Amino acid sequence: MPYNHKTIEKKWQERWAKEGAFVAADKVKPNKKKYILDMFPYPSGAGLHVGHPEGYTATDIYSRYLRMKGYQVLHPMGWDAFGLPAENYAIKSGVHPKESTDNNIKTFTRQIKSLGFSYDWTREVNTSSPDYYKWTQWLFLQLYKHGLAYKKAAPVNWCADCQTVLANEQVVAGACERCHNKVVQKNLEQWFFKITGSGKHGSYPERLLSNLEKLDWPEPIKTMQRNWIGRSEGVEIEFRVQSSEFRDKVDFVLLHGFNGDSQGVFFPWLKGEIEKRGFKVVAPDLPNPEQPTEEEQVGYVLKNIQFDENTILFGHSLGAAVALKVAEKLKTKIRGLVLAGGFSSPKFKDKSRPFHNTFNWEFDFEKIKKSAGFIKILSDRNDYAVRIEQGKFLHENLGGELIETESQEPHFTANQEPVILNSLVPSIKVFTTRPDTLFGATYMVLAPEHALVRELKNQIENWSEVEKYIKKAAAKTQLERTDLAKEKTGVELKGVKAINPGNGEEVPIWIADYVLSSYGTGAIMAVPAHDERDFEFAKKYNLPIREVVIKKYGEVLPNAMPRDVAHAITIKGDKVLLVFNKKINEYQLPGGRIEAKENPEATLLREFTEETGYDHIHIEEYLGQIEQNYNFAPENVNNHRLCKVYKVKILDDHNIGLAESDKDKLEVVWVDAAEAIQHFARGSWKGTEEFITRSGGKYGLCYFGNGVMINSGEFNGLSNEEAKWKITKKVGGQKAIQYKLRDWLISRQRYWGAPIPIIYCDKCARLRQGFGGQSEHPVPEEDLPVVLPTDVDFRPKGESPLARSKSFHKVKCPKCGSAARRESDTMDTFVDSSWYFLRYTDPKNKKEFAGKDKIKTWLPVDTYVGGAEHAVLHLMYARFIYMALCDLGFIETKIKRVALQKALSKNSTPNDEPFLSLRNQGLILGPDGQKMSKSRGNVINPDEVIEQFGADTMRLYEMFMGPLEDAKPWDTNGIVGVRRFLERVWEMGKFQVSSFQPKAGQPLADKFQDKKREVNRELHKLIKKVGDDIVSFNFNTAVSQFMIFVNAVYKIGEISQEHLELFLKVLNPFAPHIANELWSKLGHKGLLEKETWPKYNASLLVEDEVTYAVQVNGKVRSSVTVAADADEDEVARVATKNAKVAKYLTGKKITKQIFVPGRLINFVVK
RNA sequence: GCCCGGGUGGCGAAAUGGUAUACGCACAACACUUAAAAUGUUGCGCCGCAAGGCUUGCGAGUUCGAGUCUCGCCCCGGGCACCA
């Protein structure tokens, strides 16, 4: 009977389904469960790709193996069914996304089932079904309630032509991928998940990073996640801003407001911060704060506080009114007046405040203006007590500076208000990982968006130029600012300077868009000598470059005196000009010692001419300095050289000959650069070789390695690592950790996704207006799901199609019952896929996203298999969501067990991680080695492969192609080899030995004949190898081993039924249809899946005889076969007798003999 | 530019520091056949008639012994991209 895959495969697939062979029971002992997960597919219109079954086969083999090993295995499949392609298809064809998606799912289901995978189909999930997305919405609400979901304005990619927001992936070279229109940046209100936030068990970025160590994931994936999180450890250092207001000592008087005191709101913090900077601060408690009167409070201040020309008077809220009155009555002029949230009248809306009648609301603005050197008015855009108009009113009458801002809490009521501190003592905080280079910070750069830029507006002399630059930067898209910004640009803020806290130097402040507002503090100290970007910028704008860390060669030797030297690198073509010192037989760079107080450049030019004779020369560039420590052998002197290197150019060949003293000693030579590098890389000139490369490079003297400190005052001579913390300590820097990771933007202005369950109510907003309240309400959980409407026009018109569906849009406010509107954005599909693996455990639960007990039974996932393209996004998001759910108490992890594990081993796995072990599958390329695509016409259709060769062949071939994680081309010829193998398996019954017929029921024969023993040994090798390879996911070599076994049986020509049965058990996970068919042909009624995995007998694996390789001096000369238990002497005896070997031994003496048991013997001879 | 992978026959690939090229494809010969296909058996890295020599991207190093470890370089694939 020929091997007919079609009938066989259909037959067994039906039987598995009928018997529910792969339904996972929820009742299982914790150590007997395995959760084996595939990344669920997006059911695209193109149908299953040959790439899908690769990972699915791997997990299927593993799952089937584990079941045979006695595990209860959860192995589910579902559909990541929301997403853009279905919607785009709807726009094009008019077919509703639900319809096309359902059709695609049908196709996918049929195709996946035709491969005979052992999924538990009773647990199928579909993210686009309301039963599912109800819980996606529920998840959103949980995060929202705990402050992990929030809304803010964010720049998005906007295509004006398509009238839609685009994902970054849809922006190709700055243009819309569909219409090629230019994409612009637009600020829209967007929802975010706070992945940068913290939960019950700590900060998410920190946990996402540190947990990685304990996960059994491919190292490249972990690296990618680490890079994505981008943790850097550094310090925050503050640079004071020096402007005309601040030249010498000043005193501060801080006045609190209505109902407050000096311990309220930000006052203690502010006082402390100002005092830290070395100023005197008075912050009085004003009398009767609950029922204040002007007479009492102003009188108190005037009576108890001394004002002079150094005083800066600050008032908050009603304190500002007090301050104004004080200023009005002052006899001496004060330095300045700063008002935050200041009252200009006691009216709030229509109502009067309690202090309405106890203050006089007429101000003598002219008098106040005269008594204060400068005036600053801070006005909060979100202020409910003092409207922004009041700030404007004050500004109109007082002049000075109006700073419109958004404070931390409305009306400046937070514990810390940096804006106020900056208005009093302006400063720039920077984040740096290199505090050791502080003395080399020769300028500052702020991001164009930095708040301080606006705050300093009045001090900035070239404001119009600065403003122009800010606007230009804002107009650039993210892409332009990164991709296209090859050349750095910037503008200096003229009229303001920063003070370098290291050396007290005044340095210029610039704005430039190479500094990102979203990272660190949005400001940097620029150290051009030790940072490429700063170097490039400094070169372009001619800013000073100061080296503070130089590379050190060797350790300082005893009695070595420091000596300054200057040397020249002169390059012509690929030759370097050197002088050869004949006396000491050494190549040197022209140049020499700089005497005390001597100008290094003058020294160099003089020495250069003396040593080379060239006198028409000039110094092109300073390349940097290094420290060299060595013993100068000819004189036995310990040298400690500080070597400055310059690039020198010879202008013409004019040469006056060497100086008398050097004539006999030196010889001028032009040497290949490569050779010169060799000369210097060793000996006393070590280190100078680097400058030969540097002199040609883009970054000249820029050096970012470690070394020894120079130009850094009291820190000179320290190692830079040591200087890091010493300098930080000196300037009061704070340790800080920064991440590249940003919050997750989940809003999509799209239809085919889960609606965000939020309702906006105007009435509630009006009621709360002015108090900083929000008009958004979460949809009550009992009202979930918020169902997608079907009466929708998908054509993109600049907002979510949902916004145009009235039936969807209109809703009653859950709080006040009046007319309200729904949020019309939907969620990113990554939200759907960030928790699907939890739903599989309890897919039909109507009350919970999944029952706690079910989660506890199955999670975490033991093995997760999918493409490396999800290395960052999906895997990061899913980990975050799982962690958050753990923190919120929805996932009860096996704390006890894990705690015990932790106690026992450091390698315990964290209990807030969903995927313990991850394996990647590689891409399957077209037969031409290119990525499969319709346009290339190299797509392999899995349906056709199954039709022609069968599912078992396809499964086996995909495993045989190569390592799972590698990209590999589909070989249309190659698959026939696998098919041939299965044909040979099919025919193997013809070798069956009749005496082992099952009906006979005979006991096993005591003695195997030789042939049977040989088959037995091969079989046990197979069992071991295949089992090991499945566990380690080396499926390709497992398939090879099957072939080796079958080849052996064909050669031996005999196999017993028992051996055949064992073979089929091992084959079953790989090719389950044919294995079951042959199993039943051997007379078995039950499914092969119910059998247990055979054990191998290690003692059977030992061969009777072993072949040793015989080497002479490490070269293989022959091989000898000896009994397996032969010892070293025996092997040596046989080997030396071997004719081929003897040839190499005669007349030689064996000095050494290396013996590797079972492998080789090596004779080392002389 | 930076960070990961990876370079082994004509091709897909295999090799705890221990006989490089297992297994498969392609190719060749033979058997079966009137013939072809299928199947089975055998051969198959390169140079050489042979003895023998050479061979894991290139160059050095460690070692009795290197595809495997170390350093430098070249090429291919992937990720990140002004992250201070």
Side-chain angles (χ1 to χ4, degrees), chain A residues 2 218-232 234 430-434 437 441 445 447 481-483 485-486 488 512-516 518-527 530-534 536-537 698-699 738-742 868-869 871-872 922-923 927 929 956-957 960-963 965-978 980-981 983-984 987 1034 1036-1047 1050-1051 1107-1120 1143 1150-1165:
Chain A
E219 211 45 55
I221 302 286
K222 291 202 217 176
T223 307
M224 279 162 77
Q225 292 222 344
R226 282 189 197 109
N227 293 343
W228 192 263
I229 294 167
R231 182 184 197 271
S232 29
V430 300
F431 172 76
T432 178
T433 54
R434 292 294 303 274
T437 63
V445 189
R481 267 181 80 161
T482 54
D483 275 20
K486 300 233 158 73
K488 293 182 176 35
D513 62 8
Y514 84 90
V515 171
L516 309 173
S518 53
Y519 185 79
T521 60
I524 61 158
M525 63 178 211
V527 186
H530 304 290
D531 182 282
E532 271 181 27
R533 297 150 299 174
D534 298 342
E536 200 184 322
F537 193 78
K698 193 175 158 193
Y699 293 109
Q738 288 292 336
Y739 300 94
K740 287 192 216 171
L741 187 67
R742 295 291 121 83
E869 66 274 17
V872 178
L923 269 186
L956 218 49
Y957 175 61
F960 185 57
M961 290 170 81
E965 66 278 10
D966 284 7
K968 42 212 173 265
W970 184 273
D971 181 358
T972 313
N973 285 326
I975 195 167
V976 307
V978 174
R980 261 177 223 157
F981 160 74
E983 304 257 12
R984 278 156 76 85
E987 299 292 340
N1034 295 120
N1036 53 332
T1037 48
V1039 178
S1040 300
Q1041 196 64 37
F1042 280 120
M1043 291 171 171
I1044 290 169
F1045 175 77
V1046 172
N1047 289 349
Y1050 268 64
K1051 203 167 179 183
T1107 302
Y1108 276 84
V1110 184
Q1111 296 184 337
V1112 179
N1113 285 342
K1115 280 196 188 293
V1116 178
R1117 293 303 178 187
S1118 185
S1119 60
V1120 294
K1143 208 166 92 185
I1150 296 174
T1151 54
K1152 204 173 171 187
Q1153 179 174 308
I1154 287 123
F1155 179 73
V1156 183
R1159 314 243 33 159
L1160 65 67
I1161 186 157
N1162 183 12
F1163 300 108
V1164 183
V1165 299

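Note that the coordinates shown come from a computational prediction; the quantities given were computed from them, not determined experimentally. Chain A is the first sequence line, chain B the second, and so forth, proteins listed ahead of strands; every chain is numbered from 1.
- Between A:L1160 atom CG and B:rG65 atom P the separation is 13 Å, expressed in whole Å.
- Residue-level contact check: A:V1164 touches the backbone only, with heavy atoms under 4.0 Å from sugar-phosphate atoms and none from bases.
- Taking the C1' atom of each, B:rA81 and B:rC75 are spaced 23 Å apart, rounded to whole Å.
- Between A:N1036 and B:rA14 there is a side-chain polar atom (N or O) within less than 4.0 angstrom of OP1 or OP2.
- Separating the P atom of B:rG12 from that of B:rC82 is a span of 37 Å, rounded to the nearest Å.
- Straight-line distance from the CD1 atom of A:I1044 to the P atom of B:rG24: 8 Å, rounded to whole Å.
- Under the Watson-Crick or G-U wobble criterion, with both distances below 3.5 Å, B:rA84 is left unpaired in every strand shown.
- Nucleotides B:rU33 and B:rC27 are separated by 22 Å at their C1' atoms, to the nearest Å.
- Within the 4.5 Å cutoff, no side-chain heavy atoms of A:I975 are placed close to those of A:F960.
- Comparing B:rU41, B:rA14, B:rA84 by their nearest atom to the side chain of A:V515 picks out B:rA84.
- For the pair A:K968 NZ and B:rA13 P, the computed distance is 8 Å after rounding to whole Å.
- Atom NZ in A:K740 sits about 8 Å away from atom P in B:rA81, given to the nearest Å.
- Closest to the A:P220 side chain, of the nucleotides B:rC82, B:rA84, B:rC4, is B:rC4.
- Contacts of A:D966 with the nucleic acid, taken as non-hydrogen atoms under 4.0 Å apart, are absent.
- With distances taken from any side-chain atom of A:K1115 to the nucleotides B:rC54, B:rC82, B:rG40, the minimum falls on B:rC54.
- Across all strands shown, B:rA28 forms a Watson-Crick or G-U wobble pair, both distances under 3.5 Å, with B:rU42.
- Looking at the side chain of A:N973, the nearest of the listed nucleotides B:rU41, B:rU19, B:rC25 is B:rC25.
- B:rA22 and B:rG10 are spaced 14 Å apart, taking the P atom of each and rounding to whole Å.
- Figure legend. B:rG77 is base-paired to B:rC4; pairs are counted as Watson-Crick or G-U wobble with both atom distances under 3.5 Å.
- When heavy atoms are screened at a 4.0 angstrom cut-off, A:N1162 is found touching base atoms of the nucleic acid.
- For A:A967 and A:R980, each mapped to the nucleotide of RNA chain B holding its nearest heavy atom, the one lying further toward the 5' end belongs to A:A967.
- At a threshold of 4.0 angstrom between heavy atoms, the contacts of A:K1143 are confined to the sugar-phosphate backbone, with no base atom among them.
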Side chain to side chain contact (heavy atoms under 4.5 Å, CB included), that's the test. Do A:M961 and A:Y957 meet it? Break it down for me. CA-CA 6 Å; A:M961 290 170 81; A:Y957 175 61; 3.5 Å; yes

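- For B:rG9, the base is syn relative to its sugar; the glycosidic angle is within 90° of 0.
- Residue order along RNA chain B, read from the 5' end via each residue's closest nucleotide, puts A:V1039 first among A:L741 and A:V1039.
- Which of B:rA26, B:rA14, B:rC64 sits closest to the side chain of A:I1154 comes down to B:rC64.
- The residue A:R742 sits close to a base: some heavy atom pair falls under 4.0 Å.
- Between the side chains of A:D534 and A:Y514, at least one donor-acceptor pair of N or O atoms lies under 3.5 Å.
- A straight line from CD of A:E219 to C1' of B:rG6 spans 16 Å, rounded to a whole angstrom.
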Chi angles and distances behind the side chain to side chain contact (heavy atoms under 4.5 Å, CB included) call for A:T433, A:Q738: CA-CA 10 Å; A:T433 54; A:Q738 288 292 336; over 6 Å; no

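- When side chains are defined from C-beta on, A:N1113 counts as touching A:V1164, because their heavy atoms get closer than 4.5 Å.
- The CE atom of A:M1043 sits 13 Å away from the P atom of B:rG40 (whole-angstrom rounding).
- For A:R984, taking side-chain heavy atoms from C-beta onward, the closest of the listed nucleotides B:rU41, B:rA13, B:rC25 is B:rU41.
- Across B:rC25 and B:rA38, the matching P atoms stand 12 Å from one another, rounded to whole Å.
- Distance check on atom P: B:rU68 versus B:rC23 gives 24 Å, rounded to whole Å.
- Considering only the side chain of A:S1040, B:rC23 comes nearest among B:rC23, B:rC25, B:rA84.
- Using a 4.0 Å heavy-atom criterion, one finds that A:R1117 contacts the sugar-phosphate atoms exclusively.
- A heavy-atom distance below 4.5 Å is found between the side chains of A:R226 and A:K222.
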Step by step, work out the side chain to side chain contact (heavy atoms under 4.5 Å, CB included) result for A:I524 and A:Y519. CA-CA 10 Å; A:I524 61 158; A:Y519 185 79; over 6 Å; no

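- A:D534 comes within 4.0 angstrom of no nucleic acid atom, judged by non-hydrogen atoms across all strands.
- Closest contact between the side chain of A:N1047 and the listed nucleotides B:rA15, B:rC23, B:rG40 involves B:rC23.
- Residue contacts shown for A:S232 are limited to sugar-phosphate atoms, with no base heavy atom under 4.0 Å away.
- B:rG65 and B:rA15: their C1' atoms are spaced 16 Å apart (whole Å).
- Pairing each heavy atom of A:E536 with each of A:K488, the nearest pair is OE1-NZ, 3.4 Å.
- Remark: the separation of the P atoms in B:rC58 and B:rC74 is 15 Å, to the nearest Å.
- The side chain of A:M224 lies closest to B:rG79 when the candidates are B:rC25, B:rG79, B:rU41.
- Residue A:T1037 places its side chain closer to B:rA15 than to any other of B:rU41, B:rA15, B:rU19.
- Counting to the nearest Å, the C1' atom of B:rA84 and the CG atom of A:D513 are 15 Å from each other.
- The distance between atom CZ of A:F960 and atom C1' of B:rA14, rounded to the nearest whole Å, is 10 Å.
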